[in-house]
Q: 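Before I ask anything, let me first share the structure, which is written out below as structure tokens.
Since we're looking at a predicted model, the values are computed, not measured.
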Amino acid sequence: MRVIIQRVNFASCKVDGTVTGFINKGLLVLAGWEEADTDKDLEWMCGKIVRLRIFSDEKGLMNLSVQEINGDILLVSQFTLFASTKKGNRPSFIRSAKPELAMPLYDKFILSLEKELGKSIKTGIFGADMKINLENDGPVTIFMDSKDKE
């Protein structure tokens with residue numbers, strides 16, 4: 001499982017001109033799955049995302065998590081996070097999980113994030129053509145891979 005986490009002042013997702021999710025201060029999480037991902041990958045990633053200390057405290061140091069600032073999360077599925085660009089100029093997405101595997105993982109991820117965060121999160125629509133609008137704060141952008149726990 002791979003995620004791109006962006007600290008945002010606001011973020012929204014639209015599908016066919018309709019807003020499916022909007023948040024103010026918090027995290028925009030772009031998430032992708034591969035065939036080898038399991039519930040353990042989801043659990044690890046949820047814990048890391050919710051407790052990741054990337055918000056400033058009163059001294060201006062990144063010491064607070066999204067949970068501690070009572071921030072929000074907008075989750076967007078993004079199979080392109082497993083793009084391979086080794087050959088040629090056209091990316092291959094062969095490592096990305098097929099929808100029949102990725103969609104249940106996406107649904108579980110939503111529930112797990114909500115449980116960890118202690119409130120509901122906003123989402124895009126799995127597999128849809130989504131338009132994302134955001135104001136990156138910092139900018140702070142973090143990449144994590146559940147198979148590469150540094």
Q: So which heavy atom on Ser77 is nearest to which on Ile125, and how close?
A: OG-O, 4.5 Å

Q: Check whether the ring centres of Phe93 and Phe82 lie less than 6.0 Å apart, and answer yes or no.
A: no

Q: Does a donor on one side chain and an acceptor on the other come within less than 3.5 Å for Ser65 and Gln67?
A: no

Q: Would you check, one step at a time, whether the test side-chain hydrogen bond (donor to acceptor under 3.5 Å, both in side chains) holds for Lys25 with Asn70?
A: CA-CA 9 Å; Lys25 192 169 191 70; Asn70 196 30; over 6 Å; no

Q: Is the side chain of Arg2 donor-acceptor paired with the backbone N or O of Leu81 at a distance under 3.5 Å, no angle test?
A: yes

Q: With a 4.0 Å cut-off on N to O distance, would you call Asp129 and Lys131 a salt bridge?
A: yes

Q: Could you pull out the closest heavy-atom pair between Glu35 and Ser96, with the gap in Å?
A: OE2-O, 4.0 Å

Q: Using 0.5 Å steps for rounding, measure from the CG atom of Leu27 to the CZ atom of Arg7.
A: 9.5 Å

Q: Any chance you could lay out the side chain to side chain contact (heavy atoms under 4.5 Å, CB included) test for Ile73 and Ile49, step after step, and finish with the verdict?
A: CA-CA 10 Å; Ile73 294 177; Ile49 290 169; 4.2 Å; yes

Q: Testing the basics here: between Tyr106 and Thr123, what is the closest heavy-atom pair and its distance to 0.1 Å?
A: OH-CB, 3.3 Å

Q: With a 4.5 Å cut-off on side-chain heavy-atom distances among I, L, V, M, F, W and Y, is there a chain of contacts connecting Met103 to Ile121?
A: yes

Q: Grab the two heavy atoms, one from Ile5 and one from Leu52, that are nearest each other, plus how far apart they are.
A: CD1-CD2, 4.0 Å

Q: If Ile, Leu, Val, Met, Phe, Trp and Tyr residues are connected whenever their side-chain heavy atoms lie under 4.5 Å apart, and connections chain through other members, are Ile132 and Phe79 in the same group?
A: no

Q: Are Phe109 and Leu111 co-members of a hydrophobic cluster defined by side-chain heavy atoms under 4.5 Å apart?
A: no

Q: Report the distance from atom CG of Asp72 to atom CD1 of Ile23, rounding to the nearest 0.5 Å.
A: 6.0 Å

Q: Below 4.5 Å, heavy atoms only, C-beta onward: do Trp33 and Leu42 meet side chain to side chain?
A: yes

Q: When you compare the side chains of Thr141 and Asn136, does any donor N or O come within less than 3.5 Å of an acceptor on the partner?
A: yes

Q: Enter the distance from Asn63:CG to Glu68:CD here, rounded to the nearest 0.5 Å.
A: 8.5 Å

Q: Side chain to side chain contact (heavy atoms under 4.5 Å, CB included) for Met144 and Lys48? Distances and angles first, verdict last.
A: CA-CA 9 Å; Met144 289 193 299; Lys48 291 298 273 187; 3.9 Å; yes

Q: Could you grab the distance from atom SG of Cys46 to atom CZ of Arg51, nearest 0.5 Å is fine?
A: 9.0 Å

Q: For the atom pair CE (Met45) and CG (Leu105), what is the distance rounded to the nearest 0.5 Å?
A: 12.0 Å

Q: For residues Lys14 and Thr20, determine if any side-chain heavy atom of one lies less than 4.5 Å from a side-chain heavy atom of the other.
A: no

Q: Determine the minimum heavy-atom distance between Asp37 and Ser146, stating which atoms define it.
A: OD1-OG, 3.9 Å

Q: Applying side chain to side chain contact (heavy atoms under 4.5 Å, CB included), run through Val76 and Leu28 and close with a yes or a no.
A: CA-CA 8 Å; Val76 174; Leu28 169 62; 4.0 Å; yes

Q: Should we say atom CG of Leu61 is surrounded by more than 12 heavy atoms from elsewhere, each under 6.0 Å from it?
A: yes

Q: Mind checking the CD1-CZ spacing from Ile69 to Arg53? Nearest 0.5 Å is all I need.
A: 14.0 Å

Q: Does a side-chain heavy-atom distance below 4.5 Å link Leu113 with Val50?
A: yes

Q: Just wondering, more than 12 heavy atoms not from Lys119 lying within 6.0 Å of its NZ?
A: yes

Q: Would you check if Phe126 and Asp107 make a side-chain contact, meaning some heavy-atom pair closer than 4.5 Å?
A: no

Q: Kindly give the heavy-atom pair with the smallest separation between Leu75 and Ala31, and that separation in Å.
A: CD1-CB, 3.8 Å

Q: After noting the C-alpha distance and the side-chain angles of Val3 and Gln78, does the key distance pass the side chain to side chain contact (heavy atoms under 4.5 Å, CB included) rule?
A: CA-CA 9 Å; Val3 298; Gln78 188 163 353; over 6 Å; no

Q: State plainly whether one hydrophobic cluster holds both Val15 and Val19, where clusters connect Ile, Leu, Val, Met, Phe, Trp and Tyr through side-chain heavy atoms under 4.5 angstrom apart.
A: no

Q: With a sphere of 6.0 Å drawn around NZ of Lys147, does it hold more than 12 non-hydrogen atoms of other residues, nucleotides or ligands?
A: yes

Q: If two hydrophobic side chains count as joined below 4.5 Å and joins carry through other members, does Ile54 share a cluster with Val66?
A: yes

Q: Check whether Asp148 reaches the backbone of Asp145 with its side chain - one donor and one acceptor, N or O, closer than 3.5 Å.
A: no

